[in-house]
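In what follows, a single structure is set out as structure tokens and then discussed.
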Amino acid sequence: MNRMIRLTVNGESREVEVPTYRTLLDCLRYDLGLTGSKEGCGVGVCGACTVLLDGKMVSSCIALAVFADGRDVTTVEGLAEDERLHPVQQAFMDFGGFQCGICTPGQVVAAKALLDETPHPGDAEIREWMLGNLCRCTGYYKILESVRAAAERSRA
Amino acid sequence: MAAHRVVGHTIGRVDGVDKVSGRARYSADITLPGLVWGKTLRSPLPHARIVRIDTSKAKACPGVLAVLTARDLPDVLVGRRMFDMPLLARDRVRFIGEKVAVVAAIDPDLAEEALAMIDVEYEDWPAVFDPVAAIEPGAPLVHTDPGAYEGAPAERPHPNVQSVLRFRLGDVEKGFAEADLVFEHTFRTQLAHHGYLEPHAGVVAMDADGRVQVWASNKMPFRLKELLSHALRLPQEKIRVNLTPIGGDFGGKGSLMDLPLAYHLARVTGRPVKMTMRYAEELQAGNPRHPGVITLATGVTRDGRIVARRVRALYNSGAYAAFKPAPSVNLGGASMGAGVYRIPNLSIESLCVYTNAIPCGHARSPGEPQMVFAEESHMDMVANELSLDPVEFRRKNLLRDGDVLPNGHHLEHVRAAETLDAALRASRWSEPKPGPWIGRGLAMGHRHIGVGFTNAQVRLETKGTVTLVIALPDTGTGAHLVLRQVVAEVLGLSIDEVDVELATTDAFATDSGVGGSRVTHTGGRAAYHAAEKLKELIRAEAAKLGVPEASLAAIAQAAAADGRKLEATHFYDAKSHAAVTSFTAQVAEVAVDPTTGQVTVRRFTTAHDAGTIINPIGHQGQIEGGLIQGLGYALMEELGTEDGRISTLSLGDFKLPTMQDIPPLTTVIVEDPVGPGPFNAKAIGESSISPVAPAIANAVADACGVRIVDLPITAEKVFGALRQKEQRS
Ligand code: FES
Ligand code: FES
């Protein structure tokens, strides 16, 4: 069964007809052409598909698209403002917070959500918050450093 | 050392804007007009005859464009070196997860629904899962005549043996006869997936000229073209591989995987076809790290000199040899049975064995984490038997300049002792431990610097910048940035004045791609020499111009006005390994919880004998990433199996380290700029992973007196061993 849904994605209102079983991730990637969010595990444990739904972090691979009807979605594509990278994105580049980059869209969205909620987190808070975003390349040290740096820069 | 302007400087991932902003298009992100989706049906049985397959219901499903079985495909076998794997199972399945049918549909969910409508009747056959049982007389045979496969090694002591790899030094029998004491231990290592977060993905399309266009998460585009040409029976010129970013490789992204099926679906439907594996399929049928059963026997003199060693490794290779790329169809890491020690009389024998299990492939330093775990645990166990300090026992036997490795190479610039000292110092090895149930463990390793062949082309643009054209994918290591730095250094430019243009397989004749810790060396040297050639061209052009201070832009424009391009290409081919290797020494400090057996790594020290470091952030990133993979391998990663069935089919069950699992880390670099890479660089990508598990195992033994000989070192195992020890005393 298909359903028409209306949602705001990165500030733009979109209307799309989706099968009711369509995940939000597949809807973003295939129906809306926003391939920034990635599918890793597909079962809600790796965080590669992390997006913000009404400002709250969710794994879009285990949320249904119809669930986002009438709501506000922010994906990695919506973090930069007029080509200016979000401080979190810039920090990941400066401090080697990514290697292959497949986990990175989820990491930067998660880190932004953290800093929105807790602008100056301690290491323990960062580790706790970022626990659900797996990275197989970096060993996490430089992700931790990147998030820390993004927080510090915004303090300056 | 000469000071460099760009090389060695802290440069972040300036090439990463697309990755942090979500614009980078990985293979799974490629879309084309009319694209349809391919999905595969996999065998639920480990060994069976296919009696019949009924695809009629699936074919009748609206939106399904094609359903193919082996009957619809040419009878070809694929592989990377030994060609023993059918595209789809033909009459017989050999492991749970083997592909038996493939569907193309207009929607991925629909394709998966159609799979459920395919009816397959099987006749169950006896299966074998354990590599030790598989080479007993009378074991079920996984293949009827493996010797007949293209690329099959000649030696086959049992029909279930894929390959035998041997290393020999001196005379082992004589060596053991001279030994005062001989110690023998057996170790087991687990089945483990690479854990890259990008499942295999690919798109295949036929273009207007009838050429096959391929986008794939594959790190060796030219080898992929050759292998596709073989599998599809098409001339190589008919195939073009387009490079995409790769979402992690760690050795796992070098095979054909679903691409031939995507081609056949594209051929039959006339549409571009995308195939992506679900992570469950990765865990069930990717090409994970081989589990091993490894026995080492070492003969020593009473004062702790090693005089002889015999090593036997049995690797469970699963149902096919197809995923192993080395000419030996085996795992080169077996040579690490010698460790970092001079062993005058040595015999190593490594067997890769067929079973009805998931076919294994190459994983970051193939065969080494298995062997180094066994070897470095064994070293501590022997030291213990001899009542020698594990450091002193190692020191007595360390490799020195001029020593010969198991592969016959003579070594120079051996920095084993220096690297060991650096790790001991930084870890405060000799200081008292902070409390009970805390232990320290040491392990060492070393690794060659990769070889291969790579092309690089550099071109001076009329705006005065330089473009580096390569057809080497970046698997995530930041290799493109390293190559840019090399070109910038040679030409006296800043990093922003060098761009990378990623070519397709049409651009060059060949290239060995990414793997085996080679890219900084081979890609780096190709870029270096190409840049040197361009520098010459620029000099000549400037002389012609007669303006001594002419800018690069002016020079390029003058040449362009003359109808000439200033560009140079270099093909660099390193055929044999350099006489230097990179040493690693690591120290783990762990705490064992006596009530649960839980092991916590309190801090970790890693020391590396490195060449000139071109990109410090990237270099450190390789150390950290490999090390945490080693930590996961040591403590948690294991694909559980039950009669050939993987029981951990999600990343929730197959556990990878998270940010909570990383210990405080100290890295020490012993810089020794003598590598064969550009500016005397060495390799780093595969150095930090292997000694982690034995360092932790040795630390656990030091903390609580129990020796874990099979990976991973879980709380259950440690707790069980503690209980046993209690009962014994
Ligand atoms: S893909 Fe959604 S959490 Fe892994
Ligand atoms: S950068 Fe590759 S998985 Fe995180």
Side-chain angles (χ1 to χ4, degrees), chain A residues 19 21-22 26 29-30 33-48 75-80 85-86 88-108 126-144, chain B residues 12-26 28-31 107-110 194-199 245-250 276 278-280 474-478 617-618 620-629 631-632 650-652 656-662 665 688:
Chain A
Y21 55 74
R22 183 75 100 222
D26 283 351
R29 287 177 54 83
Y30 309 130
L34 292 168
T35 54
S37 307
K38 305 300 180 193
E39 176 171 329
C41 70
V43 293
V45 298
C46 77
T75 71
V76 64
E77 289 97 336
L79 294 195
L85 293 179
H86 186 278
V88 164
Q89 293 172 309
Q90 188 60 48
F92 269 68
M93 284 179 56
D94 296 344
F95 294 89
F98 67 90
Q99 287 179 26
C100 81
I102 204 82
C103 72
T104 314
Q107 304 279 1
V108 296
I126 300 175
R127 282 173 185 248
E128 179 68 34
W129 184 278
M130 302 294 290
L131 174 69
N133 287 85
L134 297 182
C135 174
R136 191 56 166 170
C137 295
T138 62
Y140 303 104
Y141 293 96
K142 295 197 184 305
I143 295 181
L144 187 61
Chain B
R13 287 294 296 268
V14 291
D15 59 335
V17 180
D18 284 350
K19 285 185 176 175
V20 298
S21 60
R23 280 203 299 262
R25 295 255 167 188
Y26 296 75
D29 305 332
I30 301 289
T31 191
D107 177 286
D109 297 312
L110 197 63
H194 313 76
Y196 40 74
L197 290 185
E198 177 206 38
I246 293 172
D249 154 42
F250 319 122
T276 57
R278 295 257 182 214
Y279 217 93
D474 187 347
T475 55
T477 58
I617 293 182
Q620 184 64 20
Q622 288 301 303
I623 292 175
E624 292 169 358
L627 200 149
I628 296 306
Q629 288 186 3
L631 181 98
S650 87
L651 279 184
L656 302 177
T658 73
M659 200 184 270
Q660 289 286 35
D661 298 312
I662 61 173
L665 174 66
S688 63

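Chain naming here is simple, since letters A, B, ... match the order of the sequence lines and numbering starts at 1 in each. Quick caveat: nothing in here was measured; it's all calculated off a predicted structure.
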Open item on the list: Between A:Asp94 (side chain only) and B:Gly12 (backbone N and O only), is there a donor and an acceptor less than 3.5 Å apart?
Closed with: no

Open item on the list: What part of B:Pro657 gets within 4.5 angstrom of chain A, counting heavy atoms only: side chain, backbone, both, or neither?
Closed with: both

Task: A:Leu34 portion near chain B, given a 4.5 angstrom heavy-atom threshold - done: neither

Task: Contacting moiety of A:Val76, where chain B heavy atoms sit under 4.5 Å - done: both

Open item on the list: So B:Ile662 and A:Tyr141, do their side chains get closer than 4.5 Å, heavy atoms only?
Closed with: yes

Open item on the list: Under a 3.5 Å cutoff, is there a donor and acceptor pairing between the side chains of B:Gln660 and B:Thr658?
Closed with: no

TODO: Check each atom of B:Ser21 against the heavy atoms of chain A and say whether the ones under 4.5 Å are side chain, backbone, both or neither.
DONE: both

Open item on the list: Does any part of the side chain of B:Asp29, heavy atoms only, come nearer than 4.5 Å to the side chain of A:Arg29, both counted from C-beta?
Closed with: yes

Task: Contact leader toward chain A among B:Thr475, B:Leu627, B:Val17, where contacts are heavy-atom pairs under 4.5 Å - done: B:Val17

Task: Pairing residues for B:Ile617 by the side-chain contact (heavy atoms from CB on, under 4.5 Å) criterion, not counting sequence neighbours - done: A:Lys142, B:Thr10, B:Asn615

Open item on the list: Quick check on A:Gln90 against chain B: is it the side chain, the backbone, both or neither that has a heavy atom closer than 4.5 Å?
Closed with: neither

Open item on the list: Among residues at least two apart in sequence or on other chains, which ones pass side-chain contact (heavy atoms from CB on, under 4.5 Å) with A:Glu39?
Closed with: A:Leu25, A:Asp26, B:Arg278

Task: Under 4.5 Å from a heavy atom of chain B, the part of A:Phe98 involved - done: both

Task: A:Leu79, part contacting chain B, at a heavy-atom distance under 4.5 Å - done: neither

